[in-house]
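Worksheet for the structure shown next.
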Amino acid sequence: MKNKRKTRWVKDKFVKGIRPITKTSYPKKFIAFDCETNINDNNSFKMGSVYGETFYKIFWDKDEMAKFLLSKRFNGYIRYATNLDFDLSCLYQPFVDEWLLLISNGKLIFGSFNNKTPFKKFHDTLNLTYNMSVKKMGDILGIPKGNIDFETCTDKELEKYNLNDSRISYLFMKWFNDYILQLGGEVKVTLASTSLYLFRKKYLKEFYKKPDRVHNKLHRKAYYGGRVEVFKEGVINNDFYIYDINSQYPYAMMITPLPNPNYMKWKKFGNYDDIINFEGVTACTVQAPNNMNIPILPLKFKADNWNSEKLIFPLGEFKGVWTNNELRYAISNGYEILNIDYAYIFEKTMNELFDYVNELYNLRLKFKAKNDKREIILKILLNSLYGKFGINPNKNYSGELTHIDNIKNFEMAKGWYQYGETLYFFRANNFKPNYEIPIWSAYITATARKILHQFLSNCSQVYYCDTDSIFTPDVILSSNEIGKLKNERSCKWGEFLIPKGYRVIDSDDKEIYKFKGVPHCDNFKHNEKCNHTIKDFWGNNFNTELKRLVKIKTGLKMNRLINSQYLITKHSTLKNEKRIYDDKGNSKPLEIYNEEIVNLV
């Protein structure tokens with residue numbers, strides 16, 4: 001009997017899924033560092049500094065600084081940099097032998113030097129702050145970022161400037177670390193993993209199974225992003241307003257009953273009653289009502305003449321996979337279910353995210369009323385949790401850098417690259433997180449789109465929308481309540497061209513430009529807001545040349561010198577393919593039948 005109980009316990013223990021964390025959280029030991037390069041040569045180290053709790057040190061020798069950071073003195077420490085890709089490459093490229101990097105979607109998440117235990121860990125503050133610059137972190141702490149002329153400054157001025165950056169990064173991470181501990185959590189590599197740890201440590205009460213790979217792959221088909229559409233193309237010469245939905249995704253997390261994966265059933269042939277009575281995911285064919293100007297259901301679609309797949313909201317008859325909560329909302333607005341292919345139903349629901357959002361949001365309101373900067377930490381924690389459940393392991397990988405002679409298992413070396421003559425980079429797709437439950441993320445984003453659609457439908461006219469914002473001439477009562485609309489800006493002129501491409505002039509005569517992929521400033525040293533590059537792009541028939549730094553992944557893949565500069569040409573054809581527009585800029589949805597768009601001119 002003892003053996004049977006032991007076997008049963010071991011089996012339960014190793015079932016994959018998300019579990020509450022019971023271990024004690026401890027403060028992290030860390031230091032911060034920053035590097036400066038020579039003018040017009042971002043690959044050439046000039047000087048750097050390291051800042052810690054009881055010391056700081058300035059270096060004018062690259063090798064000395066590199067060895068100092070890897071010394072035994074900092075065993076067990078995390079080495080933070082703001083823009084780690086740049087600073088790590090500045091000190092350690094070419095990455096030889098014992099480096100391990102985690103790169104996600106081209107972005108360096110962390111680096112680890114593994115020649116001896118304990119590993120030497122390098123993390124990026126950008127991954128914990130929604131890409132917050134040193135200047136922004138300094139503003140929060142009340143420490144101004146330096147501002148010098150790199151061409152004329154003296155060595156002493158450069159030392160002071162650089163050390164101040166290291167100091168800001170260190171003090172910000174200390175402030176961040178202290179408050180996360182106070183909340184009951186622990187700082188991890190990224191903001192999403194930090195919020196997940198806090199949720200599991202303080203709010204998660206039960207164990208939830210992770211659906212297997214095949215099920216998760218099908219569930220992920222119902223996971224769509226935010227809605228971005230131009231409803232009125234061209235110039236707007238009248239007054240209008242920009243409204244934002246207050247904490248849209250935290251609000252969706254609060255009000256959405258989530259499918260409980262412990263009670264999941266797959267049905268080869270689903271039925272209509274399951275959609276109405278159960279949470280789940282359904283693959284089906286739908287018919288949208290003909291008279292709807294702002295349709296509900298999203299669809300990932302690629303026409304023959306499109307360069308890439310787009311997220312559209314069409315009319316007509318089409319197949320897709322959607323969450324049952326989104327299908328029920330569509331049905332209540334006139335959609336018909338014509339055929340059901342397969343379905344997943346969940347006999348029970350859960351929403352332990354409610355307490356997480358409710359407590360952090362109310363705490364944030366108190367801090368905001370007192371002008372307490374800790375409300376910024378709470379804001380980013382609230383917005384970073386839900387997406388963690390929808391993580392796609394195929395888009396995240398560890399890249400080990402080593403000489404070809406050290407590669408023992410070539411099956412794990414898919415996508416290895418030559419860098420110079422001796423360095424090879426390869427990746428191992430062995431990332432299988434137990435918290436991967438994409439149906440939760442799919443449900444939350446579906447609720448967020450529903451909230452947006454309800455506001456859009458109540459407007460007499462809408463010019464543009466972007467995920468949680470609405471541009472409309474309607475005067476709507478502004479509110480600070482979660483899930484309600486807040487008037488963010490009054491405008492007197494606008495021009496809407498494509499999704500993520502518009503400009504407005506507000507009531508204070510301030511010009512605001514937005515265009516995806518074009519920065520406000522073409523400057524590697526500072527992040528102050530300006531409209532120089534994007535304004536030139538707009539005025540030059542949407543053409544410009546932009547400077548880029550060769551990041552680690554690009555350098556390894558294309559055999560380019562990491563941190564070197566190169567020029568890219570940015571051009572937009574201004575093709576707006578998500579809707580149909582007439583000569584006056586008025587639009588109507590695309591219509592799809594037999595997997596083809598039938599109302600294109």
Side-chain angles (χ1 to χ4, degrees), residues 25 27-35 51 69 77-92 95 99-113 119-138 140-141 165-166 168-181 183 185-200 249 374 376-393 395-399 427 431 433 435-436 441 519 524 527 549 551-554 562-563:
S25 299
K28 303 286 188 182
K29 296 189 294 183
F30 58 89
I31 55 177
F33 70 100
D34 185 46
C35 297
Y51 197 97
L69 286 169
Y77 279 66
I78 294 172
R79 299 145 183 85
Y80 281 110
T82 301
N83 191 6
L84 180 66
D85 199 302
F86 178 87
D87 292 301
L88 196 67
S89 302
C90 186
L91 287 171
Y92 295 106
F95 295 94
W99 279 96
L100 173 69
L101 303 182
L102 179 67
I103 299 174
S104 176
N105 296 325
K107 183 177 182 181
L108 178 65
I109 305 300
F110 72 78
S112 180
F113 187 72
F119 296 157
K120 305 340 187 255
K121 298 179 181 179
F122 292 79
H123 293 183
D124 197 337
T125 66
L126 297 179
N127 294 326
L128 287 161
T129 61
Y130 275 163
N131 296 319
M132 201 178 288
S133 67
V134 173
K135 182 182 184 303
K136 177 65 175 177
M137 291 191 293
I140 291 172
L141 297 174
D165 280 3
S166 293
I168 289 173
S169 294
Y170 174 82
L171 292 177
F172 184 90
M173 287 312 304
K174 185 178 187 308
W175 173 72
F176 185 86
N177 201 11
D178 289 347
Y179 187 57
I180 294 296
L181 279 170
L183 286 173
E186 187 176 298
V187 175
K188 297 298 180 181
V189 178
T190 66
L191 184 59
S193 55
T194 300
S195 60
L196 178 64
Y197 185 95
L198 176 61
F199 169 67
R200 292 176 60 196
Y249 282 90
R374 287 178 294 179
I376 296 171
I377 298 177
L378 294 167
K379 178 181 179 180
I380 58 181
L381 286 174
L382 283 164
N383 284 288
S384 60
L385 176 59
Y386 78 93
K388 194 68 174 173
F389 305 119
I391 191 169
N392 188 345
K395 292 186 177 180
N396 298 270
Y397 58 85
S398 295
R427 66 185 188 183
F431 182 62
Y435 52 81
E436 181 196 354
S441 300
F524 288 118
N527 286 319
L549 284 180
K551 293 185 176 292
I552 291 175
K553 183 185 176 184
T554 303
I562 299 169
N563 278 353

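The shown structure was predicted, so the numbers you read here are calculated from the model rather than taken from an experiment. FYI, the numbering just counts along the sequence from 1.
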Report yes if the side chains of Thr82 and Asp165 come closer than 4.5 Å at any heavy-atom pair, otherwise no. no
Ala32 and Ser166: which non-hydrogen atoms are nearest, and at how many Å? CB-O, 3.5 Å
Would you call Met137 and Met173 a side-chain contact if the rule is heavy atoms closer than 4.5 Å? no
Please indicate whether Lys379 has more than 12 foreign heavy atoms, meaning atoms of other residues, nucleotides or ligands, lying under 6.0 Å from its NZ. no
Side chains of His123 and Val187 in contact at under 4.5 Å (non-hydrogen atoms): no
Working to the nearest 0.5 Å, report the span between CG of Leu198 and CG of Leu381. 6.5 Å
Any residue meeting salt bridge (charged side-chain N to carboxylate O under 4.0 Å, His left out) with Lys174, in chain and number order, not counting sequence neighbours: Asp178
Within the side chain of Asp87, is there an N or O that forms a donor-acceptor pair under 3.5 Å with the backbone of Cys35? yes
Roughly how far, to the nearest 0.5 Å, is the OG atom of Ser441 from the CD1 atom of Ile391? 10.0 Å
All salt bridge (charged side-chain N to carboxylate O under 4.0 Å, His left out) counterparts of Asp124, not counting sequence neighbours: none
Side chains of Lys188 and Leu196, heavy atoms from C-beta outward: is any pair under 4.5 Å? no
Sub-6.0 Å ring centroid separation between Tyr92 and Phe122: yes
Quick check: closest heavy atoms across Gly111 and Leu88, and the distance to 0.1 Å? CA-CD2, 4.4 Å
How long is the gap from OG on Ser89 to CG on Leu84, to the nearest 0.5 Å? 8.0 Å
Closest non-hydrogen atom pair between Ile180 and Glu186, with its separation: CG2-N, 3.4 Å
Closest contact, heavy atoms only, Val189 versus Leu128: O-CG, 3.8 Å
Parallel, tilted or perpendicular: ring planes of Tyr51 versus Tyr170, cut at 30 and 60 degrees: tilted
So, Ser169 versus Thr125: side-chain donor-acceptor pair below 3.5 Å or not? no
Nearest-0.5 Å distance that lies between atom OG in Ser195 and atom CZ in Phe199: 10.0 Å
Is the shortest heavy-atom distance from the side chain of Phe30 to the side chain of Asn177 under 4.5 Å? yes
What distance separates Leu385 CG from Tyr435 OH, expressed to the nearest 0.5 Å? 11.0 Å
Is atom NZ of Lys136 surrounded by more than 12 heavy atoms (other residues, nucleotides or ligands) closer than 6.0 Å? no
In Å, rounded to the nearest 0.5 Å, how long is the span from OG1 of Thr129 to CG of Asn131? 6.5 Å
Taking the side chain as every heavy atom from C-beta outward, state whether Phe113 and Leu69 have any pair of such atoms under 4.5 Å apart. no
For residues Asn563 and Phe86, report the shortest heavy-atom separation together with the two atoms involved. ND2-O, 3.0 Å
Using a 6.0 Å cut-off, check whether atom NZ of Lys121 has over 12 heavy atoms from anything other than its own residue. no
Please find the pair of heavy atoms, one from Thr190 and one from Lys388, that lie closest to each other, and give the distance. OG1-NZ, 4.3 Å
Answer whether the closest heavy-atom distance between the side chains of Leu183 and Leu378 falls below 4.5 Å. yes
Using side-chain heavy atoms (C-beta onward) and a distance below 4.5 Å, is Asn127 in contact with Phe110? no
